[in-house]
Trainee: 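Take a look at this one; I'll ask things after.
What you see is a predicted model; the values in this text were computed from it and never measured.
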Amino acid sequence: MHRRIFAPGVLAAASLLLAIPASAASYSPGAPGIGDPYYPYYGNGGYDVSHYDLRLQYQPATDELAGTATILARTTQDLSSFDLDFLLDVSEVRVNGTQAAFTTSGQHELVITPKSPLAKGTPITVVVRYSGVPSTKTAYGFNTWHRTPDGAVAADEPEAAWWWYPSNDHPLDKATYDVSVAVPDGTQVISNGLLQSTSSKLGWTRYNWRQNKPQATYLTTLAVGKFDITTSTSEDGVPVVNAYSKDLGDNDGAARASVERTGELVDWLSGYFGPYPFASAGGYVPNTTTGYALETQTRVYYSPKQFANGSNTSVVVHELAHQWYGDDVSLKGWKDIWLNEGFARYAQWLWSEHEGEGTTQELADYVYASHPADDAFWTVKPGDPGPDDQFDIAVYDRGALAVQALRNAVGDDAFFAILKGWPKEHAYGNASVGDFEEYAEKVSGKSLGALFDAWLFEPAKPTVAAAKATGAVAQPKSWKQIEATNYVH
């Protein structure tokens, strides 16, 4: 017989293990990514957020941001710790009122360990106090916080939240928002939804914005600066809030001539996509040097460069179409980007037809004929383009070709029923390209797998029967204005 010798520490550890219920073994850290193969560390596992309450203070002169984020969520597994995506400096974290340990990991992970493990299904309130200078923070070699002469803007895709609030940064986890920001008197704050109130005290003015419908993190925007703000109501009753930096210079008139048509265009798009899904609409044009626009929910971000050559209603149509296709119905994974960009581009084609500047079929024929079979354009697969080609022009133009091909295959009655029914079917939720294919087949009664494969997933130019699409095709009148929006989102 052999004697078994235990060191005191081993005995203590064994006793401790005996004292822990067997169920405790199920507690584990939440994953540092939500599971998106394009961006493995974007979003997080282990919980689902329902609401963000952001109470902040920002000093434009120094780019100093400070405040408190209160996050309401529910655990989706037995959690020993969990991550938030964030870059600024954290001073305190509380989980359900109790101080929690925290540290940082990787490029943008804030790792939180609550005092006691959290069972699956537990409602949690996470309070994060923080401060920092967003323009000094980078991750993966870039920064998405845009300084302006009189403030700053947060608007980017697929990430922007890390620079100003902690979050579960992936479209799959949508939430409602209260965004309250204090700025020096004379400076204004623009955000999503509706302005609830303003108040002034000791040289600071606080703006309180509310988004009462689920919103993806990248669609949450913040703009601080000196703006001219206009308000109106569309003919269908949608409140419209637009804002323009007071130093847009020569681009000011063209920007207003475009963005002030928001109410008209929301009503027009409602005829194709169904009732406008949010409590307000609008856009803002800050004095930034970026070249893109972004469908930030209810309050679209436009770069002044969008209007450098004059007014462009086509870009406004594109971004407003996203309010249904991308914002109301958000993608499940970033590979599903066609559901956003293909349909927003197609809305521009519908507007072209409405304006008598080229039908959707004429635009499809022109795009198809403009790219020979050996063009790299056809190697990008809009249904799963990969992270490097997520915003390639093929996702937009070949993506719109796929929408026109669907229309031709199912006929106008079924096609427009699909366009209008899809946002209703998945209202305020998430969906994939596969979900759309199933829905289109259900509505049309047709098998569409081969069509979607050819236009979305094959790295080759699809064959079309129409002879007119194979020869020289005249450029539609609207093309230059549409082409000017190639670098929007």
Side-chain angles (χ1 to χ4, degrees), residues 47 49-73 82 84-100 102 110 112 123-135 137 145 151-155 160-169 173-225 227 241 243 279-280 284 296-299:
Y47 62 95
V49 178
S50 60
H51 185 74
Y52 292 94
D53 183 276
L54 309 177
R55 190 169 180 85
L56 311 174
Q57 181 169 305
Y58 180 70
Q59 174 53 262
T62 58
D63 195 37
E64 292 176 282
L65 179 69
T68 301
T70 302
I71 302 168
L72 307 182
F82 60 93
L84 291 169
D85 301 300
F86 197 44
L87 288 174
L88 297 186
D89 304 319
V90 175
S91 59
E92 182 184 21
V93 176
R94 289 181 178 269
V95 177
N96 290 345
T98 302
Q99 283 197 337
F102 61 91
L110 173 66
I112 298 169
I124 56 173
T125 301
V126 183
V127 176
V128 182
R129 299 185 191 277
Y130 59 92
S131 62
V133 178
S135 59
K137 303 294 185 179
W145 180 260
V153 170
W162 314 340
W163 282 264
W164 66 288
Y165 72 98
S167 69
N168 193 16
D169 191 26
D173 193 0
K174 298 163 76 167
T176 55
Y177 284 79
D178 281 306
V179 176
S180 174
V181 186
V183 292
D185 289 347
T187 297
Q188 293 141 303
V189 176
I190 306 296
S191 192
N192 312 82
L194 285 169
L195 183 64
Q196 302 298 296
S197 63
T198 60
S199 60
S200 296
K201 184 178 181 181
L202 301 175
W204 292 82
T205 302
R206 180 169 290 278
Y207 292 79
N208 300 298
W209 290 88
R210 172 167 290 174
Q211 174 56 269
N212 67 346
K213 296 298 184 184
Q215 179 171 278
T217 44
Y218 84 97
L219 298 172
T220 310
T221 193
L222 177 68
V224 176
F227 296 99
V241 180
S280 71
Y284 70 97
T296 38
Q297 191 162 306
T298 70
R299 196 101 326 103

Trainee: List the steps, then state whether side-chain contact (heavy atoms from CB on, under 4.5 Å) holds for Val179 with Asn192.
Mentor: CA-CA 8 Å; Val179 176; Asn192 312 82; 5.7 Å; no
Trainee: Identify the heavy atoms of Tyr284 and Ala155 that sit nearest to each other, and give their distance.
Mentor: OH-CB, 3.8 Å
Trainee: Is there side-chain contact between Thr68 and Val127, with heavy atoms separated by less than 4.5 Å?
Mentor: yes
Trainee: With a 4.5 Å limit on heavy-atom distance, are the side chains of Ile71 and Leu84 in contact?
Mentor: yes
Trainee: Got a donor-acceptor contact below 3.5 angstrom from the Asp85 side chain to the Asp169 backbone?
Mentor: yes
Trainee: Considering all heavy atoms of both residues, which atom of Val224 and which atom of Pro60 are nearest to each other, and what is their separation?
Mentor: CG1-CG, 4.1 Å
Trainee: To check you understand the geometry: which heavy-atom pair defines the closest contact between Leu88 and Ser131, and what is its length?
Mentor: CB-O, 3.6 Å
Trainee: What is the minimum heavy-atom distance between Val183 and Gln188, and which atoms define it?
Mentor: CG2-N, 4.4 Å
Trainee: How far apart are the closest heavy atoms of Ala100 and Val95, and which atoms are they?
Mentor: CB-CG2, 3.9 Å
Trainee: Filter on salt bridge (charged side-chain N to carboxylate O under 4.0 Å, His left out), then keep only pairs touching residues 60-71, sequence neighbours left out; what's left?
Mentor: Asp63-Arg147
Trainee: Kindly say whether Leu194 contributes a backbone atom to a donor-acceptor pair with the side chain of Gln196 at under 3.5 angstrom?
Mentor: yes
Trainee: Please check: side-chain N/O of Gln297 versus main-chain N/O of Pro214, any donor-acceptor pairing under 3.5 Å?
Mentor: yes
Trainee: What pairs of residues pass the salt bridge (charged side-chain N to carboxylate O under 4.0 Å, His left out) test when at least one of them lies in residues 188-205, not counting sequence neighbours?
Mentor: none
Trainee: Evaluate side-chain contact (heavy atoms from CB on, under 4.5 Å) for Phe102 paired with Val128, printing each intermediate quantity in order.
Mentor: CA-CA 10 Å; Phe102 61 91; Val128 182; over 6 Å; no
Trainee: I'd like to know if the side chain of Arg206 reaches the main chain of Leu56, judged simply by a donor and an acceptor atom lying under 3.5 Å from each other, with no hydrogens or angles considered.
Mentor: yes
Trainee: Ignoring hydrogens and geometry, is there a side-chain-to-backbone donor-acceptor pair from Ser167 to Trp162 under 3.5 Å?
Mentor: no
Trainee: If you round to the nearest 0.5 Å, how far is NZ of Lys213 from OG1 of Thr298?
Mentor: 12.5 Å
Trainee: Mind checking ring pair (Phe, Tyr, Trp, His ring centres under 6.0 Å) for Tyr52 and listing every partner two or more places apart, or none if nothing turns up?
Mentor: Tyr165, Tyr177
Trainee: Just do the side-chain contact (heavy atoms from CB on, under 4.5 Å) check on Val126 and Tyr47 with the steps written out, would you?
Mentor: CA-CA 11 Å; Val126 183; Tyr47 62 95; over 6 Å; no
Trainee: Between Val241 and Leu195, does a side-chain contact (heavy atoms from CB on, under 4.5 Å) hold up when you go through it step by step?
Mentor: CA-CA 9 Å; Val241 180; Leu195 183 64; over 6 Å; no
Trainee: Identify the heavy atoms of Gly193 and Arg299 that sit nearest to each other, and give their distance.
Mentor: O-NH1, 2.9 Å
Trainee: Do Trp164 and Leu54 touch side chain to side chain, with heavy atoms closer than 4.5 Å?
Mentor: yes
Trainee: For residues 86-96, pull every pair meeting salt bridge (charged side-chain N to carboxylate O under 4.0 Å, His left out), keeping only residues two or more places apart or in separate chains.
Mentor: Asp89-Lys137, Glu92-Arg94, Glu92-Arg129
Trainee: Supply the atom-to-atom distance Tyr58 OH to Leu222 CG, rounded to the nearest 0.5 angstrom.
Mentor: 8.5 Å
Trainee: Give every residue pair that meets the salt bridge (charged side-chain N to carboxylate O under 4.0 Å, His left out) criterion with at least one member in residues 176-195, sequence neighbours excluded.
Mentor: Asp178-Arg210
Trainee: Is a donor on one side and an acceptor on the other found under 3.5 Å between the side chain of Thr221 and the backbone of Ala154?
Mentor: yes
Trainee: In Å and rounded to the nearest 0.5 Å, what is the CG to NZ distance from Leu219 to Lys174?
Mentor: 8.0 Å
Trainee: Rounded to the nearest 0.5 Å, how far apart are OG1 of Thr217 and CG of Asp173?
Mentor: 8.0 Å
Trainee: Holding to ring pair (Phe, Tyr, Trp, His ring centres under 6.0 Å), I want the full list of residues that pass it with Tyr207, two or more places apart in sequence or in another chain.
Mentor: none
Trainee: Are the side chains of Trp204 and Pro184 in touch, meaning some heavy atoms are under 4.5 Å apart?
Mentor: yes
